[in-house]
Amino acid sequence: MIKNINNFTRTIMDKYEQVLELAKRRGFLWNSFEIYGGTAGFYDYGPLGSTLKRRIEQIWRDMYVVQEGFMEIETPTIGIEDVFRASGHVGGFSDPLCECEECGEAFRADHLVEDELDIESAEAMSNNILEDSIKDNEIPCPVCGGKLGSVYSFNLMFNSNIGPGNERPAYLRPETAQGMFINFLRLARYYREKLPFGVTQIGKSYRNEISPRQGVIRLREFTQAEAEIFISPEDKTHPEFDKYADTVLNMYIEDGNGGVVRPIYLDDAVKEGYIAHEYLAYHIALTKDFLLRIGINPDKLRFRQHKKDEMAHYAADCWDAEIESDRFGWIETVGIADRTNYDLKSHTDTSGTELSIYREYEEPEMVNQFTVKPDMSKLGPSFKGKAKAIAEKLKQLPPEELEKDNIQVNVDGEEYTVPSNMVEFTEETVKVSGETIFPHVIEPSYGIDRIIYCVLEHAHNKELVNDDGEEDYRIVLKFKKEVSPIQVAVLPLMSKNDLIKPAKDISARFRKKGLMVSYDDSGTIGRRYRRNDEIGTPYSVTIDYQTLEDNTVTIRDRDTMKQIRLSKDYIEDTVYNLIDGEMKFEDAGTLIET
RNA sequence: GCGGCUGUGGUCUAGUGGUCAUGACAGAGGCUUCCCAAGCCUCUAACCCGGGUUCGAAUCCCGGCAGCCGCACCA
């Protein structure tokens with residue numbers, strides 16, 4: 001006999017629908033602005049969702065901020081135009097679109113022109129040039145052959161203005177990274193001018209996606225956790241690499257027809273040249289560590305290297321952590337890139353502030369320095385307007401030329417003769433103790449919302465529970481204990497005052513210990529266990545009549561449904577240690593035979 | 001943004017141009033000494049939004065919004 005038949009003879013829902021239905025019903029994820037009809041690309045985190053998210057972010061902080069020592073900063077979510085001009089988002093983050101006037105299809109104008117004219121890249125072309133190019137070449141609509149309309153930009157950044165009027169355009173940041181790059185000099189000083197150092201930020205980013213679907217997988221407002229690690233361009237080894245050398249990565253390798261997942265030791269991946277260098281490899285392994293710790297199924301995790309044409313133009317190497325989901329297949333959830341010095345150079349060029357760091361050599365170097373000093377007080381009167389240009393030429397001459405009594409210089413096609421007393425030169429050995437460099441940046445960039453969906457999906461289980469020959473199902477979220485929003489349920493066996501009072505006392509003690517408690521005395525005990533299974537509460541403490549006699553309570557384990565009985569003294573410490581992983585369930589009390 | 005399909009309590013659903021709408025689960029209260037969604041009673045709670053056609057619209061039409069599928073897009 002099958003109980004709960006109505007629960008499971010509904011319209012067949014795929015895993016995604018089941019997860020989202022549960023997430024909606026139990027307060028994890030809600031579509032935003034629901035009472036006004038909702039808006040695609042925005043989701044609210046409900047009580048359990050935001051708690052889950054906070055716990056996951058907290059683990060991220062533990063790994064990146066506490067363990068790695070990359071301090072966290074917080075910068076505005078809105079940015080001025082210069083920042084995004086330098087980052088390339090103002091020019092490059094928009095797509096030139098063009099619609100067919102007949103059928104209304106939209107196309108990438110640059111792609112059309114590239115194909116038609118058989119040129120490499122039309123990216124640099126302005127909208128006007130693209131439009132002219134389409135008109136002149138009479139490029140037709142690829143779908144219906146109709147006439148194509150004008151070209152317009154669709155920028156993926158939300159825009160606004162600072163202050164009144166349109167004088168100061170501003171954009172909602174499309175990534176948190178730029179806030180860290182532009183603070184480079186302050187950060188370098190904070191870290192006392194020594195490489196490597198890292199900085200992190202967890203926060204909201206915004207992209208005005210053309211057509212976001214896939215629920216929480218592609219959002220217009222989303223949370224990123226990013227680290228920017230500034231390292232020496234010459235030395236990309238990692239001092240702690242040994243820690244992860246024998247980590248096995250599921251590396252996804254593409255060949256002509258699809259691809260294969262190949263397990264490979266991190267050590268070998270670097271040695272065989274799959275991963276560019278140790279520093280990047282270390283952070284790929286760290287990413288794996290993090291994802292497994294929060295409950296991603298290791299069999300559904302792989303790392304894929306960006307193809308050359310897929311890689312951002314500045315990146316030297318880039319890997320994605322991809323997580324497999326039931327409906328969407330492999331989802332990119334983390335990007336781990338070597339961004340080289342692109343961002344620091346680019347902000348240097350745009351702002352005029354040099355975002356570099358002085359690096360001292362281990363040994364000072366003795367360098368022959370050849371200096372030419374034209375005597376402007378003599379050159380000026382003699383050569384008037386040409387003096388400056390002549391001086392520049394003189395500086396480029398080799399010593400043997402400068403030694404001549406009359407030095408010949410060619411400026412703008414005319415020969416000038418400069419007497420040797422008008423220029424001095426010295427050749428000396430100077431001590432150079434260091435140099436100015438632009439560090440390279442290793443960037444792990446996490447899409448937190450996508451990861452949360454995957455955690456929910458991987459935790460979601462529908463289990464057959466056999467009890468007295470009857471078939472029964474339970475839905476259980478098998479969260480890692482560390483991320484479960486509610487950590488312990490407190491349940492009086494019956495809704496009776498003599499059981500309620502001690503149950504409430506125990507709840508209070510849990511709360512004092514900092515544990516998130518759900519107290520529940522409504523409905524039968526079995527129903528309450530199932531409620532807690534459904535939201536992933538790892539432990540349920542039950543107060544029964546025996547509690548009143550011998551001061552013991554039971555703890556039920558979510559995953560095994562087994563129970564132990566133990567004294568209620570120090571119960572809060574026991575549960576705390578169970579969640580922390582310090583104590584094993586079987587060791588915490590005597591197993592109850594059922 | 002284009003095309004197709006869809007939109008009913010918290011969730012999943014039934015439904016016909018004609019009494020402010022079916023059922024299940026969930027939820028609240030009660031009864032039942034109750035360790036894995038038992039039972040009984042009572043209760044709460046919905047036709048996506050806006051127009052139109054009509055005596056009458058949740059039902060038909062149009063537009064919007066949202067979801068799904070396909071195309072395009074996805075630094």
Side-chain angles (χ1 to χ4, degrees), chain A residues 3-14 16-18 20-27 30-42 84 87-95 97-100 102-108 111 123 142-144 154-157 174-175 177 205 207-215 217-220 310-315 327 332 335 337 445 465-468 470 472-476 491-496 498-499 522-534 540 542-546 554 556 558 561-563 565 592 594:
Chain A
K3 289 197 275 184
N4 304 330
I5 191 155
N6 286 295
N7 270 331
F8 302 106
T9 52
R10 293 166 177 170
T11 311
I12 308 291
M13 293 196 287
D14 71 10
Y16 172 78
E17 286 171 306
Q18 291 177 41
L20 239 65
E21 185 271 317
L22 173 63
K24 194 196 283 183
R25 192 159 44 78
R26 302 310 301 262
W30 297 322
N31 203 305
S32 299
F33 317 119
E34 220 176 1
I35 65 165
Y36 290 104
T39 300
F42 297 94
F84 299 117
S87 70
H89 288 102
V90 168
F93 207 57
S94 66
D95 296 326
L97 293 185
C98 142
E99 282 173 26
C100 173
E102 320 269 318
C103 70
E105 257 329 302
F107 304 95
R108 284 280 297 268
H111 290 178
E123 253 182 66
V143 172
C144 72
F154 184 83
N155 194 292
L156 263 54
M157 286 193 292
E175 60 176 14
S205 292
R207 290 175 198 182
N208 200 1
E209 300 282 356
I210 297 172
S211 161
R213 282 193 205 154
Q214 307 158 336
I217 303 299
R218 215 164 124 220
L219 293 172
R220 287 180 165 134
E310 182 185 9
M311 221 170 326
H313 51 288
Y314 49 78
R327 178 185 285 192
E332 300 172 28
S445 171
V465 182
N466 281 308
D467 187 36
D468 300 335
E470 289 190 344
D472 191 9
Y473 289 96
R474 68 165 185 158
I475 304 282
V476 51
L491 316 169
L493 186 64
M494 280 181 295
S495 186
K496 295 283 179 196
D498 42 357
L499 296 180
S522 119
T524 62
I525 189 69
R527 182 197 298 263
R528 284 175 276 158
Y529 285 147
R530 295 299 166 84
R531 276 184 197 143
N532 278 291
D533 286 343
E534 212 180 38
S540 298
T542 304
I543 290 82
D544 56 14
Y545 283 106
Q546 197 178 330
T554 65
R556 169 193 183 264
R558 175 194 67 203
M561 294 168 67
K562 285 184 178 160
Q563 282 180 290
R565 185 169 278 281
I592 299 172
T594 48

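Note that the coordinates shown come from a computational prediction; the quantities given were computed from them, not determined experimentally. Residue numbers start from 1 in every chain, and the chains themselves are labelled A, B, ... in the order their sequence lines are given, proteins ahead of strands.
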Non-hydrogen side-chain atoms of A:N532 and A:R558 separated by less than 4.5 Å: no

Inter-nucleotide C1' distance (B:A46, B:G4), Å rounded: 28 Å

P gap between B:C20 and B:A57, integer Å: 11 Å

Distance, P atom - from B:G15 to B:U6, rounded to whole angstrom: 14 Å

Distance between C1' atoms of B:C74 and B:U53 (Å, rounded): 43 Å

Presence of donor-acceptor pair under 3.5 Å, side chain of A:R556 and base of B:C35: no

G-U wobble or Watson-Crick pairing nucleotide for B:C2 (cut-off 3.5 Å, both distances): B:G70

Atom-pair distance (CD on A:E17; P on B:U6), nearest Å: 16 Å

Side-chain donor/acceptor of A:E209 to base of B:C74, under 3.5 Å: no

Rounded interatomic separation in angstrom, taking CG from A:D498 and C1' from B:C34: 14 Å

P gap between B:C68 and B:U11, integer Å: 16 Å

For B:U22, the Watson-Crick or wobble counterpart (both distances under 3.5 Å): none

Sugar-phosphate, base or nothing in reach of A:D533, heavy atoms under 4.0 Å: nothing

Distance, C1' atom - from B:U22 to B:C2, rounded to whole angstrom: 38 Å

Pairwise side-chain contact, A:H89 with A:L156, heavy-atom cut-off 4.5 Å (strictly under): no

Heavy-atom side-chain proximity of A:M561 to A:S540 below 4.5 angstrom: no

Watson-Crick or G-U wobble mate for B:C43, both contacts under 3.5 Å: B:G27

OP1 or OP2 of B:A38 under 4.0 Å from side-chain N/O of A:T524: yes

Between B:C68 (C1') and A:Q18 (CD): distance, integer Å: 16 Å

Pair partner, B:G9 [Watson-Crick or wobble, under 3.5 Å]: none

A:A40 side-chain proximity, nearest of B:C36, B:G67, B:G27: B:G67

Base partner of B:U53, which must satisfy Watson-Crick or wobble distances under 3.5 Å: none

Residue A:N31, side-chain heavy atoms: nucleotide from B:A37, B:A66, B:C68 that is nearest: B:A66

Minimum side-chain heavy-atom gap A:D533-A:R556 below 4.5 Å: yes

Sugar-phosphate, base or nothing in reach of A:S522, heavy atoms under 4.0 Å: sugar-phosphate

Distance in Å, A:D544 CG paired with A:T554 OG1, rounded so as to fall on 0.5 Å steps: 6.0 Å

First encountered from the 5' end of RNA chain B, between A:R218 and A:R531: A:R531

Flag side-chain contact, heavy atom, 4.5 Å: A:E17 against A:R327: yes

Nearest-angstrom distance from the residue atom CZ of A:F42 to C1' of B:C65: 14 Å

Any N/O donor-acceptor pair, A:Y529 side-chain to B:C35 base, under 3.5 Å: yes

Protein-nucleotide distance (A:I35, atom CD1; B:C49, atom P), rounded to Å: 12 Å

Who pairs with B:C34 - Watson-Crick or G-U, where each distance is under 3.5 Å: none

Pairwise 5' ranking along RNA chain B for A:M494 and A:E34, keeping only the more 5' one: A:E34

N/O donor-acceptor pair, side chain A:R527 with base B:C35, under 3.5 angstrom: no

Nucleotide nearest A:D544 when distance is taken to its side chain, options B:C35, B:A37, B:A66: B:C35

Sugar-phosphate only, base, or nothing, as touched by A:K24 at under 4.0 Å among non-hydrogen atoms: sugar-phosphate

Heavy-atom check, side chain of A:S522 versus side chain of A:R531, under 4.5 Å: yes

Heavy-atom side-chain proximity of A:R527 to A:R530 below 4.5 angstrom: no

Touch class at under 4.0 angstrom, heavy-atom based, for A:R528 against every strand present: nothing

From B:C36, B:C35, B:G10, nucleotide with atom closest to A:R565 side chain: B:C35

Integer-rounded Å distance: B:A37 P and A:L491 CG: 14 Å

Separation of B:C68 C1' from A:E21 CD (nearest whole Å): 16 Å

Spacing of the C1' atoms in B:A26 and B:C65 (rounded, Å): 28 Å

Touch class at under 4.0 angstrom, heavy-atom based, for A:R327 against every strand present: sugar-phosphate

B:A38 and B:C5, which share atom name C1', separated by this distance in whole Å: 41 Å

Nearest-Å distance for atom pair NE2/P, residues A:H89 and B:C74: 14 Å

N or O in side chain of A:R530 less than 4.0 angstrom from B:A37 OP1/OP2: yes

